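Reckoned from all heavy atoms, side chains included, excluding hydrogens, waters and symmetry mates. This is a predicted model, so every value here is computed, not measured. Numbering of ligands and ligand atoms starts at 1, following listing order.
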Amino acid sequence: MPAQSNITLAVTGASGSIYAAEILRALAADTRVTKINFVASDNSLRVFAEELNLSGRNDLAEKLLGTPCPKLKTHAETDIGANIASGSYPTDAMIILPCSMGTLAAIANGLAANLIQRAADVCLKENRRLILCVRETPFSRIHLRNMQLASDAGATIFPVMPTLYNHPQTTEDMARQFVHRVLAHIGLPQPGAYQWQPD
Ligand SMILES: Cc1cc2nc3c(=O)[nH]c(=O)nc-3n(C[C@H](O)[C@H](O)[C@H](O)COP(=O)(O)O)c2cc1C
């Protein structure tokens, strides 16, 4: 990961709004990250309302952070002309957390029908990191096939599966540790991240 990182964060309508909140906080606080392009799918808003009792579209990120974030730019899911829709725009990595089965299917099959799907498509064609934090249970054979397709095309399938061996005390703690693993994976190790140290 370059010294100054430009990260795209997308959130979709899978369960796990708390993960989106935690990764946004981590990216906002990380001085190596100089730009965050943020997109929330329309359907994610329904899940945010359900899980975090949060409403709002344009200011969702600010509500999650609790403060304005100058390096953050929110884009509408429908804005197919946004910067991240073009390969000429220098995104370093894109993370979709949480990633629904619907968005996974669209990416795996190259639909590029909204900004999230198009930005992911751009990452794949430009050989840039694309992390799909998928969430569903159980997986159907269609889900499994789409994960294989996306993985074969260059995406990393990073399922939302929190660890328990670090003894998380709260759901926030659990989500934070998962987010630490995602960010370490793209070369942004976080201070305070749990490291397994056997006796
Ligand atoms: C409360 C709630 C939880 C949901 N959880 C999941 C989930 O974990 N995984 C999933 O693939 N879809 C889940 N869905 C369904 C998706 O939101 C739905 O398939 C939607 O079309 C996804 O659209 P998007 O990918 O554009 O955000 C959930 C929906 C609701 C309302």
Side-chain angles (χ1 to χ4, degrees), residues 7-24 27 36-64 72-82 84-85 91 93-124 129-151 153-164 168 171-172 174-179 181-182:
I7 306 292
T8 299
L9 175 66
V11 299
T12 67
S15 181
S17 306
I18 189 175
Y19 293 94
E22 288 296 336
I23 199 163
L24 200 51
L27 290 171
I36 307 166
N37 286 291
F38 177 77
V39 197
S41 76
D42 276 358
N43 292 321
S44 77
L45 303 179
R46 175 71 181 83
V47 184
F48 274 105
E50 189 68 34
E51 296 186 341
L52 296 182
N53 204 19
L54 263 184
S55 62
R57 183 182 298 270
N58 298 331
D59 61 347
L60 176 67
E62 284 74 14
K63 280 185 177 156
L64 288 169
L72 183 137
K73 170 82 179 151
T74 293
H75 304 277
E77 183 191 36
T78 49
D79 186 7
I80 212 71
I84 54 175
T91 301
M94 176 173 182
I95 301 165
I96 306 185
L97 173 57
C99 181
S100 74
M101 294 300 103
T103 291
L104 166 71
I107 293 168
N109 291 281
L111 297 193
N114 64 30
L115 181 59
I116 294 173
Q117 297 167 20
R118 168 62 186 170
D121 203 53
V122 166
C123 285
L124 294 179
R129 304 302 301 269
L130 173 64
I131 313 296
L132 304 180
C133 298
V134 295
R135 217 255 31 129
E136 187 50 278
T137 196
F139 290 128
S140 72
R141 292 183 73 168
I142 294 172
H143 301 151
L144 293 167
R145 197 160 56 233
N146 285 334
M147 281 190 262
Q148 170 123 44
L149 276 174
S151 173
T156 300
I157 304 299
F158 207 120
V160 180
M161 289 184 186
T163 54
L164 297 176
T171 49
E172 285 80 9
M174 196 181 261
R176 200 172 307 121
Q177 291 300 331
F178 176 80
V179 161
R181 292 293 300 276
V182 174

Subject >> Geometric N/O contact T103 with ligand 1, under 3.5 angstrom >> reply: yes
**OP:** Could you list the atoms of ligand 1 found under 4.0 angstrom from a heavy atom of S41?
**Re:** 24 (P), 26 (O), 27 (O)
Subject >> Lys/Arg-Asp/Glu bridge criterion (N-O < 4.0 Å) met for E172, R176 >> reply: no
Original post:
Looking at atom 10 (C) of ligand 1, what's its closest protein heavy atom, distance included?
Top reply: E136 OE2, 3.4 Å
Original post:
Between G13 and ligand 1, is there a nitrogen or oxygen pair with a distance under 3.5 Å?
Top reply: yes
Subject >> Protein heavy-atom partner closest to atom 8 (O) of ligand 1 - residue, atom, separation in Å >> reply: R135 NE, 2.8 Å
Original post:
Short N/O distance, under 3.5 Å, between E50 and ligand 1?
Top reply: no
Subject >> Validation row: E51, I18 side chains within 4.5 angstrom (heavy atoms) >> reply: no
Original post:
Given S44, A14, S17, which one has a non-hydrogen atom that is nearest to atom 6 (C) of ligand 1?
Top reply: A14
Original post:
Hey, does the side chain of T12 reach the backbone of S44 with a donor-acceptor pair shorter than 3.5 angstrom?
Top reply: no
Original post:
Do other residues, nucleotides or ligands put more than 12 heavy atoms under 6.0 Å from I142 CD1?
Top reply: no
Original post:
Do the side chain of R135 and the main chain of V160 share a donor and acceptor less than 3.5 angstrom apart?
Top reply: no
Subject >> N/O separation below 3.5 Å, N114 to ligand 1 >> reply: no
**OP:** Just need the protein heavy atom nearest to atom 5 (N) of ligand 1, so name the residue and atom and give the distance.
**Re:** S15 N, 3.2 Å
Original post:
So, E77 side chain and D42 main chain: donor-acceptor pair closer than 3.5 Å or not?
Top reply: yes
**OP:** Using side-chain contact (heavy atoms from CB on, under 4.5 Å) as the criterion, point out the one residue from M147, H143, M161 that pairs with V134.
**Re:** M147
Subject >> Residue T12 vicinity, atoms of ligand 1 by number, heavy atom under 4.0 Å >> reply: 25 (O), 27 (O)
**OP:** Before signing off on this row, confirm whether C99 and ligand 1 have an N or O atom pair separated by under 3.5 Å.
**Re:** no
**OP:** Would you confirm whether any non-hydrogen atom of the protein falls under 4.0 Å from atom 18 (C) of ligand 1?
**Re:** no
Subject >> For atom 26 (O) of ligand 1, closest protein heavy-atom neighbour >> reply: N43 ND2, 3.6 Å
Subject >> Sub-4.5 Å side-chain heavy-atom contact between N114 and V39 >> reply: no
Original post:
Quick one: nearest non-hydrogen protein atom to atom 30 (C) of ligand 1, plus distance?
Top reply: V47 CG2, 3.8 Å
Original post:
Got the closest protein heavy atom to atom 11 (O) of ligand 1, with its distance?
Top reply: M101 N, 2.8 Å
Subject >> Identity and separation of the nearest protein heavy atom to atom 31 (C) of ligand 1 >> reply: R46 CG, 3.9 Å
Original post:
Can you find a heavy atom in the side chain of I131 that is under 4.5 Å from one in the side chain of L97?
Top reply: no
Subject >> 4.5 Å side-chain heavy-atom contact, F38 and L27 >> reply: no
